[in-house]
There are 2 protein chains.
Amino acid sequence: MNREAIQFAKILKKSGHSLTDPRKRLFKLLGSGKAMSVNEIVSALPYDRSTIYRTLELFQKLGIVVEVHLGWKHKFELSDMFQHHHHHLTCINCGKVLPLKEDKELENSIAHLSSRSSFKPVDHQLEIRGFCMNCQNKY
Amino acid sequence: MNREAIQFAKILKKSGHSLTDPRKRLFKLLGSGKAMSVNEIVSALPYDRSTIYRTLELFQKLGIVVEVHLGWKHKFELSDMFQHHHHHLTCINCGKVLPLKEDKELENSIAHLSSRSSFKPVDHQLEIRGFCMNCQNKY
DNA sequence: AGTATTTTTGCAAATTTGTCGCAATTTTTG
DNA sequence: CAAAAATTGCGACAAATTTGCAAAAATACT
């Protein structure tokens, strides 16, 4: 078991939850790094749809996964606890999602901006929408 | 007809689409500046749900409206083409949404970042999630 | 303006997405 | 290993979104 898997198990235990097969397999699946929709997850794993929903809800509450809002669909990916902070480019036409690797300058701006208000920031997500290489000449 | 309405008509024409009543009224409705959900739109206009969905999809592809993610719901508002660019702070606890006024430094970072790829950016949205002043001492 | 052509809309039905209670199964406790 | 606790699968629902197609509206062309 690698470091991430150990930390994952620890989070579940500490919060009084069981380490079950569906939870282990979902965590492993998301370990690929790709943001996935519920449907993609359901077809990749041999578990009931409702189990997937319940597991995702739990993972969100424990901070293991985050929901990212991409296009019309919601997708899920591991939180910054398990992978590098990043944002997304989404294609307006075909829906494809490309990760955008972390940028210091950007993160500084966001941190700076948040700190100015009496609002207490917890996290943030940036979506840059546009046309991917393949879809650029369709509109 | 004001400047916005003319530009709107021009965008439709140029892309080979008709200027119809449902389209005109949806554009006008969103002109209020408030981000609206599909349900709010459907009850405000005398057109079929599927028409609203199809119109919103078209408007998105033409860059007339953008989908904004406020908490767990998606809403729609006019794009930067028709109203001032802004981002949102959303309260994790009470769901309140606060507009965040434009910040040069942030926008520069984003512009710089977008231009590096073969992806063609159209717009972007940033959601900063956290706790508003009233909800800060509840957790 | 009037008609042919093209595009869009409404309607009904299908599909997809998300929720819930409860009995059966799995995990944890000790 | 047995008892207790937590989790899962199933089925029934409810809500959200998509689709095919005939009717209606918009546009193009005399």
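What's counted below: heavy atoms across the whole structure, side chains too, no hydrogens, waters or symmetry copies. Per chain, numbering begins at 1; letters A, B, ... match sequence-line order. All figures in this text were calculated on a predicted structure; none of them were measured in a lab.
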> Has B:Lys34 got more than 12 heavy atoms of other residues, nucleotides or ligands less than 6.0 Å from its NZ?
Replying inline: yes
> Closest to the B:Ser18 side chain: C:dT7, C:dT9, D:dG9?
Replying inline: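 Of the candidates, C:dT7 comes closest.
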To the nearest Å, give me how far apart [atom1] ([X]) and [atom2] ([N]) are.
X       : N      : atom1 : atom2 : value
B:Lys24 : C:dT8  : NZ    : P     : 14 Å
A:Leu19 : C:dT26 : CG    : C1'   : 12 Å
B:Leu62 : C:dT8  : CG    : C1'   : 14 Å
A:Gln60 : C:dG18 : CD    : P     : 11 Å
A:Tyr47 : C:dA24 : OH    : P     : 21 Å
A:Lys13 : C:dT29 : NZ    : C1'   : 11 Å
A:Ile52 : D:dT8  : CD1   : C1'   : 11 Å
A:Asp48 : C:dT19 : CG    : C1'   : 12 Å

> Just checking, any donor-acceptor pair under 3.5 angstrom between side chains of B:Ser15 and B:His17?
Replying inline: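 Present: a donor and an acceptor within the cut-off.
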>> Looking only at the side chains, is there a donor atom on one of A:His74 and A:Glu67 sitting less than 3.5 Å from an acceptor on the other?
In response: yes
> With distance as the sole criterion, do the side chain of A:Arg54 and the base of C:dG18 form a donor-acceptor contact below 3.5 Å?
Replying inline: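 Counting by modelled atom types and ignoring angles, no donor-acceptor contact under 3.5 Å is found here.
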Does [N] have OP1 or OP2 sitting under 4.0 Å from an N or O in the side chain of [X]?
X       : N      : answer
A:Thr20 : D:dT8  : yes
A:His74 : D:dT17 : no
B:Tyr53 : D:dT17 : yes
B:Arg23 : C:dT9  : yes

> Relative to the 5' end of DNA chain C, which residue comes earlier, B:Ser50 or A:His17, by the nucleotide with the nearest heavy atom?
Replying inline: B:Ser50
> In terms of ring plane angle, is the pair A:Phe82 and A:Phe27 parallel, tilted or perpendicular, where the classes change at 30° and 60°?
Replying inline: perpendicular
>> Only pairs with both distances under 3.5 Å count, Watson-Crick or wobble alike; so what is the partner of C:dG10 in this structure?
In response: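 By the stated definition (distances under 3.5 Å), D:dC21 pairs with C:dG10.
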>> When you group the ILVMFWY residues by side-chain heavy-atom contacts below 4.5 Å and let the links chain together, are B:Ile110 and A:Leu98 in the same group?
In response: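 Same hydrophobic cluster.
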